[in-house]
Amino acid sequence: MNTEDLKDIAHRAMLEHGLQPDFAKAALDQASAMRTPLADPAAASSAIRDLRDLPWFSIDNDDSRDLDQLSVGQQVGDGAFKVLVAIADVDAAVAKDTAIDAHAKTNTTSVYTAARIFPMLPERLSTDLTSLIESEERLAIVIDMTFTLEGDVTASAIYRARVLNHAKLAYDSVAAWLDGQGPAPARLAAVRGLDSQLRLQDEVARALKAMRSRSGALSLETIEARPVFINGTLTDLRPDQKNRAKELIEQLMVASNGVVASFLDAAGYASIRRVLRSPERWSRIVALAASAHETLPDTPDAVALEALLEKRRASDPEHFADFSLSVVKLLGSGEYAVAAPGDQPVGHFGLAMTNYAHSTAPNRRFADLVTQRLLKAALVKAPSPYSVEELTEIAAHCNVQETMADKVERQVRKSAAALVLASRIGETFDAIVTGASAKGTWVRVRRPVVEGRVTQGFAGLDVGDALRVVLLHVDPQRGFIDFKRA
């Protein structure tokens, strides 16, 4: 099986799970005829600030082309920092209820499989006209935040602007440089002052992380696998772990999404929030802690759980990712919900935040594009482009399609893993239980990082249990990997 075989599997999986792998002709025609939003006379409005001279940069995966965010920062006084986050103005190119918008509304997300990417928007937009690519002027929504040294937001504003990405940077090389383990990336060294920009934003991100940790935001760490292809053939699945550069971007995006949610609430607009409810399986998390000789309260307590996570990270770093994965599975999935003005928000248990919206990836997520349209309406005090009923319907559909997208990604990942493991039938592996229900019991193998089903000897197993398993059978076409308990 090679790359083309995996692509066929991915295409079929999209259709089987109710997602559209291909764009309709009307959407492709719309994209083909499109010019840059900067060509629109409205882009010269005095309400759109010219911030192209600021030293903006992006950090993403090496091969990412759908760039949604830029950032820039400065120290504004003793113990105060200002950070601006620019979000690609996708709405300037994709009007509501157009053919492209219809496709985005149907799929609701880009789907990233081991074989290929199924973008939410045509690539002419997501990797060009609405992507904040290097050395190209773009329209953006800017989230302007002032922080204390402790990570508290003391002031914020949101406005439209013209921006320019001066350097496209990559996570791994930036992280190595920040940690003193590698040289400055070429683009970082080429742009004057960018090194101090990165240091400043890293300092802000670390303060934000510490502040959020004290509030009960969970510092979870799981390992995902990235496929390795050589000459079109899948050869390995390598772990893709968090690093300092990823945490920098994550912290700035979380802060931005909190500001956006609060802004819309204060402006009196209903909006779509990202929520994570109080975990229903808290008793199992308590039991998991007890198995590690730790104690948690009987009722859900994010601050106590975060303290436990930090303790486990320090005492057993080798197995922390396994422990963290178990907690992730027991917390349950995040979801979209609508918050109308005056409602008591559900909040996000994992982030320890009351107001949180998805707004920082409009090229990749439909909920973010909807939020962007709400923001632009609020900035000019126009009526909301969506009724509460429409938002409720969109949120529910996003939840369904996000689940389907996860299933597609998981199925293709398992097909890739089955291919890698095909020659290892009968071998024994260290594993951890990641799912246990009437539908079956699943485990994650540590090396290589793959997930499969336990078809023999699964009685009594629950999420978080460590065990050894024997590989019984693989089916790359269907993505089946079967183990028995050793």
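Starting from 1, each residue takes its place in the sequence as its number.
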To check you understand the geometry: which heavy-atom pair defines the closest contact between [X] and [Y], and what is its length?
X	Y	result
A217	L351	CB-O, 3.6 Å
P37	A92	CB-CB, 3.8 Å
F349	S278	CD1-CA, 4.3 Å
S219	L309	N-CD1, 4.1 Å
G332	L276	O-CD1, 3.7 Å
T130	A93	CG2-CB, 3.6 Å

Supply the atom-to-atom distance [X] [atom1] to [Y] [atom2], rounded to the nearest 0.5 angstrom.
X	Y	atom1	atom2	value
L169	W177	CG	CH2	9.5 Å
D301	L308	CG	CG	11.0 Å
R187	S58	CZ	OG	10.5 Å
S196	L194	OG	CG	7.5 Å
Y356	S256	OH	OG	9.5 Å
I249	Y171	CD1	OH	5.5 Å

Residues that T108 engages under side-chain contact (heavy atoms from CB on, under 4.5 Å), provided they are two or more places apart
F366, H397, C398, Q401

Any salt bridge between [X] and [Y], counting N to O under 4.0 Å?
X	Y	value
R284	D465	yes
R206	E203	no
E294	R312	no
D343	R273	no
E150	R214	no
R413	E451	no
K82	D144	yes
R162	E137	yes

Around atom [atom1] of [X], are there more than 12 heavy atoms from other residues, nucleotides or ligands closer than 6.0 Å?
X	atom1	answer
D298	CG	no
Q75	CD	yes
K105	NZ	no
K311	NZ	no
E390	CD	yes

Any side-chain heavy-atom pair from [X] and [Y] closer than 4.5 angstrom?
X	Y	result
T371	S271	no
R138	I133	yes
F320	D316	no
V260	L375	yes
I143	I87	yes
L379	F263	yes
F57	K168	no
Q251	R212	yes

Exam field: side chain [X] to backbone [Y], donor-acceptor pair closer than 3.5 Å:
X	Y	result
S262	V259	no
H166	R52	yes
E221	S324	no
N399	Y336	yes
S213	K209	no
T113	R116	yes
Q372	V90	yes
S359	N257	no
D152	T154	no
N107	T109	no

For R281 and K329: C-alpha separation, side-chain torsions, deciding distance, then whether side chain to side chain contact (heavy atoms under 4.5 Å, CB included) applies.
CA-CA 9 Å; R281 296 210 64 195; K329 296 292 185 178; over 6 Å; no

Intermediate values then yes/no, side chain to side chain contact (heavy atoms under 4.5 Å, CB included), I59 and L198:
CA-CA 10 Å; I59 312 178; L198 259 177; 3.8 Å; yes

Do Q201 and Q197 have a side chain donor and acceptor closer than 3.5 Å?
yes

Side chain to side chain donor-acceptor pair (under 3.5 Å), that's the test. Do D66 and S131 meet it? Break it down for me.
CA-CA 5 Å; D66 49 348; S131 175; over 6 Å; no

Among V338, L391, I272, side-chain contact (heavy atoms from CB on, under 4.5 Å) partner for Y386:
L391

What's the verdict on side chain to side chain contact (heavy atoms under 4.5 Å, CB included) for L125 and I100, showing C-alpha distance, side-chain angles and the deciding distance?
CA-CA 10 Å; L125 276 74; I100 292 176; 4.2 Å; yes

Apply salt bridge (charged side-chain N to carboxylate O under 4.0 Å, His left out) to residues R313 and E310 and explain how you reach the verdict.
CA-CA 5 Å; R313 188 198 306 273; E310 289 296 337; 3.8 Å; yes

Contacts of type salt bridge (Lys or Arg N to Asp or Glu O under 4.0 Å), residue R365, not counting sequence neighbours
D368

Set out, in order, the CA-CA distance, both residues' side-chain angles and the distance that settles side chain to side chain contact (heavy atoms under 4.5 Å, CB included) for L84 and V163, then state yes or no.
CA-CA 11 Å; L84 311 183; V163 298; over 6 Å; no

